[in-house]
Number of protein chains: 2
Amino acid sequence: MRGRVEDKYNAHAVCRAVFKPEAVPFPMTPGPDQPARVDLREACIAEATAIIELRGIESLSLREVARRLGVSHQAPYRHFPSRDHVLAEVIRRSFAEFAAALNAPPRTDNVGADALAMGMAYVQFALSRPLQYRLIFGGALPDPERHGEMLNGARAAFGVLQNLLTRIFTERGQPFDQEAVNREALFIWSSLHGIVSLMRSDALDTLELSPDTRNGFAMIALQRVGVALGVAPSLTPGPQAKETER
Amino acid sequence: MRGRVEDKYNAHAVCRAVFKPEAVPFPMTPGPDQPARVDLREACIAEATAIIELRGIESLSLREVARRLGVSHQAPYRHFPSRDHVLAEVIRRSFAEFAAALNAPPRTDNVGADALAMGMAYVQFALSRPLQYRLIFGGALPDPERHGEMLNGARAAFGVLQNLLTRIFTERGQPFDQEAVNREALFIWSSLHGIVSLMRSDALDTLELSPDTRNGFAMIALQRVGVALGVAPSLTPGPQAKETER
DNA sequence: TACATGAGTTGACACTGTCTACAAAACTAC
DNA sequence: GTAGTTTTGTAGACAGTGTCAACTCATGTA
C-alpha cells in the first residue's frame, strides 16, 4: 500500500460512529499481524452521515468521503455501486432511527399520555436533527423502486402510529376499524410534520414573528391534535363560532 | 458573432414562457434591422424554471440552460452572479405565484366559504405543481440573507392568511388580536403543509394504503382545520372521548 | 504452489460552477 | 461620422464531481 499510513480510515469518524465505545478496539496504524481491516463500508456510511447532518444532502460527495477516510476516490465504489446507494443506506438508517425514536417512550397504561409522549418524541427528533429529518421527509429520495429496504423504517414508524391509534380506539370501546386507524394515523403524521416543518422554515423566519407567537402556535397545534383524537381537553378554541352546529 | 445562427435563444422556451402569446413576435433568425435582442435574462429564468419543474432543483445546471438557449456556457453569468442567484429568482417568482394562487379565489361575503376556497387553492397549487411546491417549501433555499427579495412572496402569502383570519375574528365579534391572528394563520399553514406533503410522499407511497384511506385522510384533515377555525361543522369526530371534559 | 477473488489504487472521461481574458456589438460624446 | 466606453457574449482554463476501466496486491482456496 505504497507506504501511506497517515490517517487511513480516519479514527475520528470511525470510533465515533461505527464502533460503539466498548466494541473491540482496532489499531490506528496497521501492525504486522493485525492488518487493521476495519469495515470501510461502515466507515463510508458514518462519514456520509456526518457530512449530511452537518451540511445537508446536496453537499454529500463520495470523493470527500474518501478523502476524509484517507482512501482513494474509488475505494467507496468497492462497497457501493453508486452515490445513490450510499444515500439510500444513510436514509434507511435515518428512517430506522426515526422509528426507534417514536417507539422509545415507555408504554404506560395511560394511552393519552403515551400519545403525548410520542408527539413530543416526534417533535424532538425533527428539531434536534433538522438535516436528518429533512433528509428523510424532504422529498429528494433516491428512487424507492431501486432501493427497496430504504423505506423499511417509514413503515415501522407508521406501525407505531397504528398501534397507538388502535389502543385509543380500543380503550374507547369502539369496534376495530383498520381504515379509521390508518386515517387517524395519517392525520397525526401530517399534523406533526406540518408543525415541525414550519418551525424550521426560512419562509417562517422571514415573517419575523415573535418567539411567543411561534411557540404558541406549536403548542395550540399540538394540543388540537390531541383534541381531535379525544386525548386532550379542548382549551384553545381559536376563533369562536357564533353558534356551533351540532 | 461568428456566423452561428442556429437556434439562438431557443424560440420554444422563450415564446412559451417569456412572452405571452399575444406579445410582440420576434424573428427567429436576426433580420438586418431587427437585431432579435430578446432578454436573455428572462430566457434563462424561463428555461431554469422549466428544468426545475420537470426534474427538480438538484438537476438544474446553468450550462444546460445555456446549451438549451443556444448560447455559450458563460452567457448566463452576464446576468446572474451565480447559480444561486438564478435559483433565488426562480424561487422568488414561485413564491409570488403561490401567493397569487392563494389570493385568486374571489372574495365573497361568506368568510367560511372563502376560507375553504383558499384551502382548496393551496392544495391545488401544491398537488398540481409538486416540484415547484417542493422548491419553495422543501427547505433547500439559497441563503435568504443574501437574497432578500426571494421571500417576498412568502410574506405576501402569509398576509393572505392574516387577512382571512382577521375577517373571521371580526365576524365573530372578537376584539382584534394580532397575536391570535398570527397563531391561527400559522396553524392553517402548518396543517395544509402537512397534508399536501404527506400526499406526495414516497414514505406514504410505501405504505400502500388504499386510495380511499389517503383521500379520506385528506378530507377529514381539511375539515378539522375548518372545525378548529369555527368555519365548518364537526362531522368526523375521530376516536370518541368517553367523556369530554369541559 | 498455482490460481481466483476481493479490495484498493491510478487514470481517464464527461460533467458541473466559476474565474480570466478576449471580441464584438451597442451606446455616448464630440 | 468617428472615437471611446459600456454591455453582452465567447473561449479557455481550473477545480470539483460521479463513474468507468485497468491495474496492483494481499488473501483464501484447489
Side-chain angles (χ1 to χ4, degrees), chain A residues 1-10 14 30-44 47-48 51-52 55-90 140 142-143 146, chain B residues 1-10 14 30-44 47-48 51-52 55-90 140 142-143 146:
Chain A
M1 266 165 204
R2 206 73 35 95
R4 46 185 310 187
V5 214
E6 316 93 295
D7 66 338
K8 198 110 177 160
Y9 291 22
N10 187 350
V14 173
D33 42 43
Q34 180 74 355
R37 292 282 328 289
V38 72
D39 194 344
L40 179 56
R41 183 187 150 90
E42 283 301 315
C44 285
E47 210 56 50
I51 293 176
I52 290 175
R55 307 208 307 273
I57 179 179
E58 42 278 317
S59 49
L60 167 65
S61 141
L62 280 208
R63 287 179 105 109
E64 183 182 351
V65 167
R67 227 177 293 122
R68 285 190 183 208
L69 293 174
V71 297
S72 78
H73 69 267
Q74 270 302 3
Y77 282 85
R78 284 287 139 189
H79 303 273
F80 301 93
S82 78
R83 176 182 184 273
D84 266 6
H85 286 77
V86 181
L87 217 45
E89 177 61 15
V90 173
D143 182 9
R146 255 192 292 275
Chain B
M1 268 174 204
R2 204 78 30 98
R4 50 185 305 186
V5 215
E6 317 93 297
D7 67 338
K8 198 112 178 159
Y9 291 22
N10 184 352
V14 172
D33 42 44
Q34 181 74 356
R37 289 286 327 292
V38 73
D39 194 340
L40 178 56
R41 182 187 151 89
E42 284 302 315
C44 285
E47 210 55 50
I51 292 176
I52 289 175
R55 305 208 308 272
I57 178 178
E58 43 278 316
S59 49
L60 167 66
S61 140
L62 280 208
R63 287 178 105 111
E64 183 181 351
V65 167
R67 227 177 293 123
R68 285 190 183 209
L69 294 173
V71 297
S72 78
H73 69 266
Q74 268 309 0
Y77 282 85
R78 285 289 139 189
H79 301 273
F80 301 93
S82 79
R83 176 183 184 273
D84 266 6
H85 285 78
V86 180
L87 217 43
E89 177 61 15
V90 173
D143 181 9
R146 256 193 291 275

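In what follows, every chain begins at residue 1, and chains take the letters A, B, ... in the order their sequences are listed. Computed from a predicted structure; not experimentally measured.
In terms of polar N and O atoms assigned as donor or acceptor, the side chain of A:His73 comes within less than 3.5 Å of the base of C:dG11 in a complementary pairing.
Summarising the geometry of A:Ile51 relative to A:Leu60, their closest heavy-atom pair is CG2-CA, 4.1 Å, with the distance given to 0.1 Å. Contact detail for B:Phe80 and B:Arg41: the closest heavy-atom pair is CE2-NH1, 3.4 Å. For the residue pair A:Ser72 and A:Ala66, the shortest heavy atom distance occurs at O-CB, 3.3 Å.
Going from atom CD1 of B:Ile57 over to atom P of C:dG17 covers 12 Å, rounded to whole Å. The CZ-C1' distance, from B:Arg63 to D:dG16, rounds to 12 Å in whole Å.
Dashed line: the shortest gap from a side-chain N or O of B:Arg67 to OP1 or OP2 of C:dT16 is under 4.0 Å. Close to C:dT16, at under 4.0 Å from its OP1 or OP2, lies a side-chain N or O of B:Ser61.
Contact of the A:Glu64 side chain with the A:Arg55 side chain is registered, since non-hydrogen atoms from C-beta on lie closer than 4.5 Å.
For A:Arg63, the side chain to side chain contact (heavy atoms under 4.5 Å, CB included) partners two or more places apart in sequence, or in a different chain, are A:Ser61, A:Arg67, A:His73.
Taken residue by residue, residues 77-89 of chain A places heavy atoms nearer than 4.0 Å to DNA chain C at A:Arg78, A:His79.
Heavy atoms from other residues, nucleotides or ligands lying under 6.0 Å from CZ of B:Arg146 number 12 at most.
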